[in-house]
Amino acid sequence: MYSLVLFDLDGTAFDTSEGIYRTSSMVCREMGYEPLPPEEKYKIIGPPLKECFQIIGMTEQDADRAEKMYIENFFDVGGLRAVPYPGFENMLKRLQAAGIKLAVATLKNQSFVQPIFGKYGYDRYFTTLRGSDRDRGILTKDVVIQLCLSDCGITDPSTVLMVGDSPYDAEGAERCGCDFAAVTFGFGFRSRAQAEAVKHVFIADSNDQLCEFILHS
């Protein structure tokens, strides 16, 4: 059984698409860029924030400005519109009862993480909640994962499972020596075939499936 399970936030624990799309669209309009059409919003859910604006078509300099504007306006525009995926809390309860440590490792800005989990009271299940922080140079998934391992006192990463919905999660886990489980209900993997293309130990179509896999690993 795993000693620690790490969860991504966007597209894994929560459907945060509405808040992300509303805020990024507002920033684009303020800066004179055309927002992505709604059917393409999946492109900006999961990558580092600056990269999201470069995907939209901004220059690196404009993307820096957009990132700051996004962070300043996220909660006012729609940041707390996040909705947990079905079965998420029940899974947390079962894993915690089994003695497995839980943590959050996300590329979402650190200042957003606790308020989103705290809104539903889910923060009580986690040993640590870690996100990105440009001011401290915490910009990649592997760095965030390493911080979680340190917070949780884990010295053997092979006993850790990273759960996520995108190649960023899979790559971060591999760099740190952790196992990776993909979920298909998020935004990063647009098909099961895309999830199968990354290094993984399991692919889950629901939190119930994921929970059973973790408890019987």
Side-chain angles (χ1 to χ4, degrees), residues 7-86 88 104-120 122 129-141 143-144 163-172 182-195 197-198:
F7 291 93
D8 179 45
L9 195 163
D10 298 313
T12 302
F14 290 89
D15 179 348
T16 52
S17 58
E18 184 177 359
I20 291 172
Y21 184 68
R22 285 167 63 98
T23 310
S24 64
S25 296
M26 181 277 292
V27 171
C28 285
R29 294 188 186 98
E30 287 289 322
M31 295 185 62
Y33 285 84
E34 188 69 25
L36 286 176
E39 63 271 17
E40 294 184 12
K41 64 183 178 181
Y42 68 88
K43 293 181 179 179
I44 56 171
I45 301 173
L49 190 51
K50 180 179 177 179
E51 186 175 323
C52 290
F53 288 109
Q54 291 176 308
I55 290 171
I56 290 171
M58 292 188 183
T59 64
E60 183 171 0
Q61 184 177 13
D62 281 353
D64 279 329
R65 290 175 50 216
E67 180 179 23
K68 294 175 183 177
M69 188 182 299
Y70 182 103
I71 293 171
E72 291 170 356
N73 291 277
F74 181 68
F75 283 122
D76 290 338
V77 176
L80 289 179
R81 292 174 181 266
V83 179
Y85 284 105
F88 184 62
V104 172
T106 175
L107 288 177
K108 205 167 197 67
N109 187 273
Q110 179 70 61
S111 64
F112 302 157
V113 183
Q114 200 286 327
I116 291 174
F117 280 87
K119 175 184 176 182
Y120 292 91
Y122 292 176
L129 303 163
R130 286 286 190 171
S132 65
D133 187 334
R134 177 165 292 277
D135 292 339
R136 297 176 58 201
I138 303 170
L139 300 172
T140 60
K141 181 68 77 164
V143 173
V144 177
V163 179
D165 73 312
S166 77
Y168 296 96
D169 302 312
E171 291 165 8
V183 298
T184 60
F185 46 77
F187 298 94
F189 297 124
R190 301 296 293 165
S191 67
R192 190 175 184 87
Q194 289 182 353
V198 303

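These numbers come from a predicted model, not from an experiment.
Shown here for G164 and T12, the closest heavy-atom pair between the two residues is CA-OG1, 3.4 Å. In terms of heavy atoms, V183 sits closest to F189 at O-CD1, 3.9 Å. The two residues V113 and G131 come nearest to each other via the heavy atoms CG2-CA, 4.2 Å. Between L129 and Q110, the shortest heavy-atom contact is O-NE2, 3.0 Å. The two residues F187 and S17 have their closest heavy-atom pair at CZ-CB, 3.5 Å. Among all heavy-atom pairs drawn from L36 and K43, the shortest one is CD1-CB, 4.3 Å.
Annotation: Y85 is not in aromatic contact with F14 [ring centroid separation under 6.0 Å not met].
For F88, the ring pair (Phe, Tyr, Trp, His ring centres under 6.0 Å) partners two or more places apart in sequence, or in a different chain, are F7, Y122. Scanning for side-chain hydrogen bond (donor to acceptor under 3.5 Å, both in side chains) contacts around T184 gives D205, with sequence neighbours left out.
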Distance-only check: which donor-acceptor pairs under 3.5 Å involve side-chain atoms of residues 47-58, not counting sequence neighbours?
from : atom 1 : to   : atom 2 : distance (Å)
K50  : NZ     : E60  : OE2    : 3.0
K50  : NZ     : D64  : OD1    : 3.1
E51  : OE2    : Y168 : OH     : 2.5

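Under the 4.0 Å criterion applied to side-chain N and carboxylate O atoms, D8 and K141 are assigned as salt-bridge partners.
In this structure, Y70 OH and M26 CE are separated by 9.5 Å, a value rounded to the nearest 0.5 Å. Here CD1 of I44 is found 7.0 Å from SG of C28. Values are rounded to the nearest 0.5 Å. Remark: M31 CE to R65 CZ distance equals 3.5 Å, nearest 0.5 Å. Once rounded to the nearest 0.5 Å, the distance linking OG1 of T106 with CG of L9 reads 4.5 Å. Summarising the geometry, atom CZ belonging to R81 is positioned 13.5 Å from atom CZ belonging to F75; distances are rounded to the nearest 0.5 Å. Atoms CG and OG1, from D62 and T59 in turn, are 3.5 Å apart once rounded to the nearest 0.5 Å.
For the residue pair N109 and S132, no side-chain donor N or O sits within less than 3.5 Å of a side-chain acceptor on the partner.
You'll find the side chain of K119 stays beyond 4.5 Å of the side chain of P115, heavy atoms only. No side-chain heavy atom of S25 sits less than 4.5 Å from a side-chain heavy atom of R22.
R130 places no side-chain N or O within 3.5 Å of a backbone atom of V144 that could act as its donor or acceptor partner. Looking only at distances, a side-chain donor or acceptor of S24 sits under 3.5 Å from a matching main-chain atom of Y21. Looking only at distances, no side-chain donor or acceptor of S166 sits under 3.5 Å from a matching main-chain atom of G188. Judged by distance alone, with hydrogens and angles left aside, the side-chain atoms of Q194 form a donor-acceptor pair with the main-chain N or O of R190 at under 3.5 Å.
Of the options I20, L107, D15, a side-chain contact (heavy atoms from CB on, under 4.5 Å) to D10 is made by I20 and by none of the others.
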